[in-house]
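Computed from heavy atoms alone, side chains included, the values below leave out hydrogens, waters and symmetry copies. These numbers were taken from a predicted model, which means no experiment stands behind them.
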Amino acid sequence: MNDAFALGPPALSIEGLSIALPPGADRPHAVEQLDLKLNPGEITCLVGESGSGKSMVARAVLGLLPPRVRIAAGALRFGATDLVQADETRLRAIRGAEIGMIFQEPMTALNPLHRVGRQVDEVFRLHTDLSRRARRERVVQLLADVHLPDPERLYRAYPHQLSGGQRQRMVIAMALALGPKLLIADEPTTALDVTTQAQILAQLRELQRERGTSVLFITHDFGVVADIADRVAVLQRGRLVEEGRRDDVLRSPVHPYTRLLLAAVPRLQAPRRRAGNLGPPLLEARNLRKTYPRRGFGGSATVALDDVSLVLRRGETLGLVGESGSGKSTLARILTCLARVDSGEILLGGEALARLGRRQLRPYRRRMQMVFQDPYASLDPRQRVGDIIAEGPLIHGMSRAATRARVAELLNLVGLQETAAERYPHEFSGGQRQRIGIARALALEPEILVADEPVSALDVSVQAQVLQLLANIKGKLGLSMLFVTHDLRVALQVCDRIAVMRAGRIVEMGEAADVYAAPSHPYTRALFAAVPGAHWEQSHAAEPVS
Amino acid sequence: MRRWIYAGGRLALAVPVLFSIAVLNFFLIHLAPGDPASVMAGEGGSATPEYMAMLRHKFGLDQSLPLQLWHYVVNVATLDLGYSFRNDEPVLTLILDRLGPTLLLMGTAFVISVGAGILLGLLAGTGRNSWRDGASSILALLASATPSFWLGLMLIVLLSIRLGWLPTSGYETIGSFYEGRAYALDVGRHLIMPALSLALFYLALYTRVMRASVIEQMNMDYVVTARAKGQTELGIIFGHILRNALLPVVTMAGVQAGNLIGGSVIVESVFGWPGIGTLAFAALQGRDLNLLLGIFLVSACVVVAINLMVDLAYVALDPRMDM
Amino acid sequence: MQDALLRFARNRLALLGAVVLLLVLTMAAAAPVLYPAGAFALAGPPLQPPGGRFLLGTDTLGRDVAAGIVYGARTSLMIGVVATLAAVVLGVLIGAVAGYYRGKPDLALMRITELFQTIPSFILAILLVAILSPSADSEIAAITLVSWPGIARLARGEFASLGGREFVLACVGLGAGDGRIVFRHLLPNCASPLIAVGSLLVANVILFESGLSFLGLGDPNLMSWGLMISAGREVLRSAWWICTFPGLAIVATVLAINLIGDGLNEALNPRLRDR
C-alpha cells in the first residue's frame, strides 16, 4: 500500500496491529491487522467515523489505551524500539520527549488547579536537567512560538482563564516542547470553532514544516484532511480500507467506503436553486433582545441577542449560521417560545406571541415544532418511542386510539419500522434517534420546523441521510424551516437564505447563493475562508471530488 | 484576587444565618408548652418570681409576637443568652467555660477523620479492586454502621476495663496537678478514646468520598495528558490527582461540621468529657431548656465559623473560584 | 428496571445485606410470637450472663435482653422507614419546586436548605424532642426536620439538570403543562438516585434514632436499642452483654441497609458502576 519512494526510514511503522476490546463490546477488536507506515516529515491523516477505532490507534502508540483495552497482536516500530514490547520506563522516556500528543478536548486536557506555565514546564522537569530559569525561558519561548499573546502573563494563567483555542495551543506547546520526532494529534480541532480551527491547523502545519516533525493526525473530517494531510488512511470498523497520497484519495478514491464518505460531504458551492417567489411572511422577529444575567460574584452579563430582526417566509428554509456563543441557538429557542425574550416582538402569521402566557401559547405551539441537536438528550429515556411521538397529539386532545395510527404513519414517514414504537430510545443509533425526534416534531402537523444543529452530532454518512430526510419531508408537507447550524457546507446545501450571526447580532442576511458568491461582511468572508477544505476544494474545483 | 471577595461574600452570608438561627430559637421557645418565661427560666422551678417578672419585662412577653421576636433577637445579638438557675450562672459563661474541651475533641476528631480518610481513600482509589481497596472498603462499611456512643462503650470495656491502658472518662486525672508536658500528656490520654469514637464514622465517610473522587479524577483527560508527557504514576497521583480529588472532601468536611458537633454531644456524655455536650446532657436531665437553646445557638456559631474556614480552604485550593 | 434487578442480584454484598435485613424484619414481625410478654416484662433474675436460660442474658432489672432486641428492631425499623419517607417527601417537594421553577423560589428555598444543613442537626433534634416531650411521634418529627435538606439538594440538582435537557424542552414545545412535565418526565427520571439515597438515609435515621434514645429521648413505651445500651452503661464493668448485643444489632441492621443502598445505587445508576 505504501508508496515506493519513501523518504528514508518511516517515522513510525504500524505492523499487523490488533487492539482487543473488553468482552461485551460491540466487536472483539477495535482495530484489526492494521499496517501503516508514517513517512518522516509528513502528516498522515487517519480518517474514520465514530467507532472506527482511529482514536485507539493514537492511544496505542503511546501505550495510553483505556483500562481493559489491550494490544492483542502486532508491532509499533519507532526507530529501533517496538513500542508494544517496550517496558513502562522506556515508554515514559519516549512520551513527551520523542513522541508528543495532542488531545481532542482542550477544556479538560489541562489540570484545572495548576498554572498552565507549570504544566508546560512539567515536560522539561521530567525530561531535562535544565535550571528553573532556563526552563522558564524555554516555556515562555514556546508559548510565543505557538502564537499565544503575552506569554509572560499567560505563563501564570490558570486553564479556566483561557479560551478553548488558547488551551489547545498550550497543549500543542507541551507536545512540541522537546522537539519530538513524532506527534500524535487526536481530533485536535474538533471541539473548536471553525475560525479557531483554521488558525490551529495552519499553525500545526507551520510548526510541523519548520521542525520536520512527522504527524499522525486522527480526524473524522475530510475538510480537515484536505487542509492538512500529506497522506490519508481510511479506517472502517477497525480495518484499513484505503491509503494513499491526499490528492489521490480525495480525487479518485478506490474503495467504495471512501467514496461513500466523500460523497456524503456537502460541497462548498453556491446552491443552484434560487429562492425565487417566496410566500408571505410566516414568522417574524422584531428587535429581539436577550441578556443573561451575570453569574456569581463579579461575573458579567452575557448579551445573547442584540436587536435581532428577521422574517421567515412560507415555504422557505432560512439558515442561521454562526460560531458557538453567537446567539443562534438562543434565537431558535426564543422564536419557538421555549425561552423568554427581554424585549422585542415575535409574530406568527401576524399574531404577537412574545407576551403570551403559557396557556395562551398552547394553540400556537403546534404550529412551530423543534428538532434538537443532541439525539441522546432530546428523547426521554424512560418513555417508549410510541409514547414520545404520541405525546404532542395527546396533549392537544387526540384520542389514544387515533394517536396509535398516527405514530405508525409518522414512523413510516421518517423511515423507521412500526415496531419501533414499542422500544426505548437507548435501543436506537444516533441517526435513528434523530429520526424519532423529527417524527415527534411532525406529529403536531406544524407549519414551521425549527432545527437546531440537527446533524452536528452525527457521522457524515448519517448526516447526509438525515438531511435528505428533512428535505423530502419539507417538500412533501410544504413546511417552512429555520435551520440552525455552525457548518457552512450544510447551510449552503439546505438553505434558501442565510443569516450570519455573531455576538448576538445578525451581521449579514441574504440569499444563500449571494452570501456565498459575494459576502459583504468581513466576518462572513472569514467564516467561508475558514471552512475546512475550502482552499483545497477551490483549487481543485475543476476536477470532480469523487 | 477576586476569590477573596468571594470569601468575603461568604462571611457576609454568615450574618443572616446566625439571625435565622436566633429566629428559629425564638419559635422553639414558643413551641414549648407553657409560659415562654418559664421555658426561659428553666423548668427546674428554681427561678424566683422576681426573676420571672424581670424576664417577662425584658422579652416583652406581654407584647405582640413580632415585638417579642425583636426583643429576643436584640438580646441574642448583645450576647445575652439568659441565666441558668440550676447552675446559678449566666448561660453564656457556662457555655464558654465548656467550649474549650469540646473544640479540642472536635478538632482532634476532625484531624483524625479527614487525615486518615484522605489517606485510606487515596490508597483504595489508586489500587482499585486490590486488597487495599477491599480492606479500606470493609473498614469504611463497618465504621459507618457503628454508633459512636456504642463504640465508645466498647472501647471502654476493652482498653480501660480489660487492658487498663486508658482512663475510662474525664478530661484529666483528678487531683494529680500535672503541669506542662505532663498535663498535656494526661489530657491526651483522656482524649484518645472519645476522639476515636467520634472520628470513626466520619473517617468512613471521607474514605468513601475520597475514593470515589480519586477514581473519578483518574479518568480525567488531564491525567492522560500528564501520562503523555512521560510523568510517572506516582508523580501523577501526587502532582495532579491528589489536589483535585481533595475538593469534594473539603466540601464534605464543611457539610459535616454541624454533625460533628452534634456527635460530640453524645460522645462527651459517654466519656464524661466536660464540654458543652455533657452540659447539654445535664440540661436535658434538668429540663433547662434555655441552656439547651443557648448551646444550640453557640454550636451553630461554631459551625458557621468552621464553614468559613472550609470556604477559605476551598478558595485556596481551587483557582476557579476566581470566576 | 429488569436490568437493574439483575445487576442488584449479581452484587453479592448487596444480597448479603438483603438477607440480613430480611432476618431483622422477620424477627421484628415475629416479636409478639417469640416474646408474648413484651420487652419490658421481668423474665428472671437480673444480670444473668448470656448462654444459660437466656440466650443473650438479662439486664439490671431481670428483663430478657433478647426480647429487648427483637422489640427494639420494630422501633428502629418503624421510625427509620417513617421518618425517611417523610424526609423524602418533604425534600423532593422543596427540591422540585426550587429546581423546576428556579429563580427566586430557588434562591429562597436553597437558603433555607443551607441553613438547615448548617445547623447542628443532632442538637436541634434533641431540643425539639425535649420541647415536644419524648415520644415516637416527636422523634419522627425531629428526625424528619433535620433529614430533608440532603434530599432536597439532590432533588433540586436533578430537577434543575433535567429541566434544561432537550427532551423536557421538547415537551414544553409540544404544549405540555407543568403537571405532565413533572410527573411524566422529571420524577421518573430522577427516581433512581432518590431511591438509592433514600435507602441509605434509612440507615442513617436508625443510627440517629439510637443516639436520641441513648440520651433518654426515645418513646418511654417502646423498647429501643439505644435505650438498652444506655441502661447497661452503669453495669458495663460487670455485665458487658447488656450493652454489647443491642449495639451489634444496630451495626448489623445499619450495615445491611447500607449494603442494599450501595447495591441499589450501582444497579440503578449504571454509569457509576466503574467508580
Side-chain angles (χ1 to χ4, degrees), chain B residues 13-14 16-17 20-21 24-25 28-29 31-33 39 128 141-142 144-151 153-154 156-157 161 168 201 211-212 215-216 219 254-255 257-266 269-270 276-277 280-281 283-285 287 289 292-293 295-296 299-300 302-304 307, chain C residues 13 17 111-112 114-133 146 149-150 153 200 203-204 206-208 210-212 214-217 225-226 229-230 232-233 236-238 240 243-244 246-248 250-259 262 272 274-275:
Chain B
L13 280 180
V17 168
S20 316
I21 291 169
L24 188 67
N25 256 356
L28 285 173
I29 294 170
L31 189 67
V39 173
R128 241 172 107 211
L141 272 168
L142 283 176
S144 58
T146 310
S148 58
F149 58 91
W150 181 73
L151 178 68
L153 292 172
M154 293 298 114
I156 292 175
V157 170
I161 299 176
T168 51
F201 178 86
R211 175 180 181 272
I215 289 170
E216 189 184 341
N219 292 326
V255 172
N259 292 335
L260 194 64
I261 203 165
S264 79
V265 168
I266 201 161
S269 74
V270 170
I276 56 176
F281 189 67
L284 205 55
Q285 304 296 326
R287 293 201 55 73
L289 274 182
L292 267 182
L293 286 166
I295 290 171
F296 178 54
S299 50
V302 171
V303 173
V304 167
N307 275 329
Chain C
L13 278 177
R111 280 275 172 282
I112 296 175
E114 271 174 33
L115 176 70
F116 271 85
Q117 277 196 318
T118 309
I119 288 175
S121 53
F122 194 71
I123 302 181
L124 176 60
I126 291 177
L127 254 174
L128 264 176
V129 177
I131 287 173
L132 298 172
S133 77
V146 299
R153 288 187 80 120
L200 291 172
N204 278 334
I206 290 178
L207 274 180
F208 203 96
S210 73
L212 284 179
F214 176 77
L215 290 184
L217 294 168
W225 294 334
I229 295 174
S230 134
R233 278 178 70 177
L236 200 56
R237 231 166 246 285
S238 51
W240 55 270
C243 280
T244 306
L248 287 177
I250 297 175
V251 173
T253 310
V254 172
L255 187 62
I257 297 173
N258 275 336
L259 288 175
D262 285 348
L272 298 173
D274 288 337
R275 300 206 170 163

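Screening B/V302, B/N259, B/I21, B/I261 against C/P120 for a side chain to side chain contact (heavy atoms under 4.5 Å, CB included) leaves a single residue, B/I261.
With respect to chain C, the highest number of heavy-atom pairs below 4.5 Å among B/A145, B/P16, B/S20 belongs to B/A145. Chain B forms the most heavy-atom pairs under 4.5 Å with one residue out of C/L128, C/I250, C/T253, and that residue is C/I250. Of the residues considered (B/V157, B/N307, B/L284), B/L284 shows the highest number of contacts with chain C, using heavy-atom pairs under 4.5 Å. Of all the listed residues (B/V265, B/L141, B/V304), the one sharing the greatest number of non-hydrogen pairs under 4.5 Å with chain C is B/L141. Comparing B/I295, B/L151, B/V270, B/L260 by heavy-atom pairs within less than 4.5 Å of chain C, the highest count is held by B/V270. Of all the listed residues (B/L153, B/N25, B/V255), the one sharing the greatest number of non-hydrogen pairs under 4.5 Å with chain C is B/L153. Per-residue heavy-atom pair counts under 4.5 Å with chain B were compared for C/L13, C/L236, C/I206, C/L217, and the maximum is reached by C/L236. Contact count against chain C (heavy-atom pairs under 4.5 Å) is highest for B/S299 among B/S299, B/A280, B/A283, B/G277.
In this structure, CD1 on C/I126 lies 9.5 Å from CZ on B/F281, to the nearest 0.5 angstrom. Taken to the nearest 0.5 Å, the CZ atom of C/R237 stands 9.0 Å off from the CD1 atom of B/I156. B/I29 contributes atom CD1, which lies 8.0 Å from atom CD1 of C/I131 (distance to the nearest 0.5 angstrom).
The contact between B/S144 and chain C is made by backbone and side chain atoms together, counting heavy-atom distances below 4.5 Å. C/L255 touches chain B through backbone and side chain together, each having a heavy atom under 4.5 Å away. Interface remark: C/L248 contributes backbone and side-chain atoms alike to the contact with chain B (heavy atom separation under 4.5 Å). With a 4.5 Å cut-off on non-hydrogen atoms, C/L115 touches chain B through its side chain but not through its backbone. Heavy atoms of C/A130 lying under 4.5 Å from chain B belong to its backbone as well as its side chain. For chain C, no part of B/A257 is nearby; none of its heavy atoms comes within less than 4.5 Å.
The shortest distance between side-chain heavy atoms of C/S210 and B/F149 falls below 4.5 Å. Side-chain contact between C/I119 and B/V17 is absent, with no heavy-atom pair separated by less than 4.5 Å. Side-chain contact between B/L28 and C/L124 is present, with at least one heavy-atom pair separated by less than 4.5 Å.
Smallest separation of non-hydrogen atoms from C/L215 and B/Q285: O-NE2, 4.4 Å. Residues B/I266 and C/F122 share a closest heavy-atom pair of CD1-CZ, 3.8 Å.
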(request) Begin from the C-alpha positions of B/F201 and C/N204 and carry the test side-chain contact (heavy atoms from CB on, under 4.5 Å) through to its verdict. (result) CA-CA 11 Å; B/F201 178 86; C/N204 278 334; 3.9 Å; yes
